Amino acid sequence: MVSSQKLSGGVFGASGTVEIGDNVFIGMNAIIERNVKIGNNVIIGAGSVVTKDCKENSVYAGVPAKRIMGIDEFFMKRRDKQLDEAKLLAKRYYERYRKMPEPAVFHEYFMLFETSESVTNNTVFKKKIQLGNSEEQTLLYMKEHAPKFKSYDEFIKHCFEQ
């Protein structure tokens, strides 16, 4: 291994700052190098290596990390994919356990079948909302956006329709 100390005898430090804005999600095993600024409302993908500033309202991923889309585009893609993902989860759960999944299995997808009123009666979903530290915003969003299904039973029926 080559080191500056072996080559020159000197020990040369390297330090800097990292600025992280508000509402930033940094995926597991991501590396943020020194002298980087991450703006507000940014998602950094797991395993990414951030070597340059990340502008706000953006999603970054890769080695080195590059901007892959705006945050609004990301939310639209997630919204559009969630029903297909939830259906797949329901089917795989049934294949594995040979029984219908309980609502708690869908802790990532509860907004497909829960209302702002009903979600507060479900401990699992209420904890999920609280975990994000934005309970008030989530409940307001749920009041303004009706779930796709009127009930969990209607959602499950849809998952298993051919």
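Atoms considered below: every heavy atom in the structure, side chains included; atoms not considered: hydrogens, waters and symmetry mates. It should be emphasised that the depicted structure is a prediction, and the values quoted were computed from it without experimental measurement.
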| query | If you group Ile, Leu, Val, Met, Phe, Trp and Tyr by side-chain heavy-atom gaps below 4.5 Å, do Met69 and Val24 land in one group? | reply | no
| request: Verify, without hydrogens or angle tests, whether Asn40 (side chain) and Asp22 (backbone) share a donor-acceptor contact under 3.5 angstrom. | output: yes
| message | Taking the basic N atoms (NZ, or NE/NH1/NH2) and the acidic carboxylate oxygens, is any pair closer than 4.0 Å for Glu85 and Arg78? | response | yes
| message | With a sphere of 6.0 Å drawn around CD of Gln137, does it hold more than 12 non-hydrogen atoms of other residues, nucleotides or ligands? | response | no
| query | Arg96: what forms a salt bridge (Lys or Arg N to Asp or Glu O under 4.0 Å) with it, not counting sequence neighbours? | reply | none
| Rounded distance [0.5 Å steps], CD1 in Ile71 versus NZ in Lys55 | 12.5 Å
| field | Atom NZ of Lys91: over 12 foreign heavy atoms under 6.0 Å | value | yes
| note | Only one of Thr51, Val50, Val18 passes side chain to side chain contact (heavy atoms under 4.5 Å, CB included) with Glu33, and that residue is Thr51
| Under 3.5 Å donor-acceptor, Ser118 side chain and Glu114 backbone | no
| said: Are more than 12 heavy atoms, taken from residues, nucleotides or ligands other than Glu136, located less than 6.0 Å from that residue's CD atom? | reply: no
| Does a sphere of radius 6.0 Å around NZ in Lys87 hold more than 12 heavy atoms from other residues, nucleotides or ligands, not counting ones at 6.0 Å or beyond? | yes
| request: Please say whether more than 12 non-hydrogen atoms of neighbouring residues, nucleotides or ligands are located less than 6.0 Å from NZ in Lys128. | output: yes
| Salt bridge or not for Lys77 and Glu73, using N-O below 4.0 Å? | yes
| query | What are the two closest heavy atoms between Leu89 and Val105, and how far apart are they? | reply | CD2-O, 3.6 Å
| task | Give, for atom CD1 of Ile32 and atom OG of Ser48, the distance between the pair rounded to the nearest 0.5 Å. | result | 8.0 Å
| said: If you take the centroid of each ring, where Trp contributes its six-membered ring, are Tyr109 and Phe155 closer together than 6.0 Å? | reply: no
| request: With sequence neighbours excluded, tell me which residues meet ring pair (Phe, Tyr, Trp, His ring centres under 6.0 Å) with Tyr60. | output: none
| message | Can you classify the ring geometry of Phe106 versus Phe113 as parallel (below 30°), tilted (30 to 60°) or perpendicular (above 60°)? | response | perpendicular
| query | Can you tell me if CZ on Arg67 sees more than 12 non-hydrogen neighbours from other groups inside 6.0 Å? | reply | yes
| What do you reckon, is CD of Glu161 surrounded by more than 12 foreign heavy atoms closer than 6.0 Å? | yes
| said: Can you confirm whether Ile20 sits close enough to Ile26 that some side-chain heavy atom of one is under 4.5 Å from a side-chain heavy atom of the other? | reply: yes
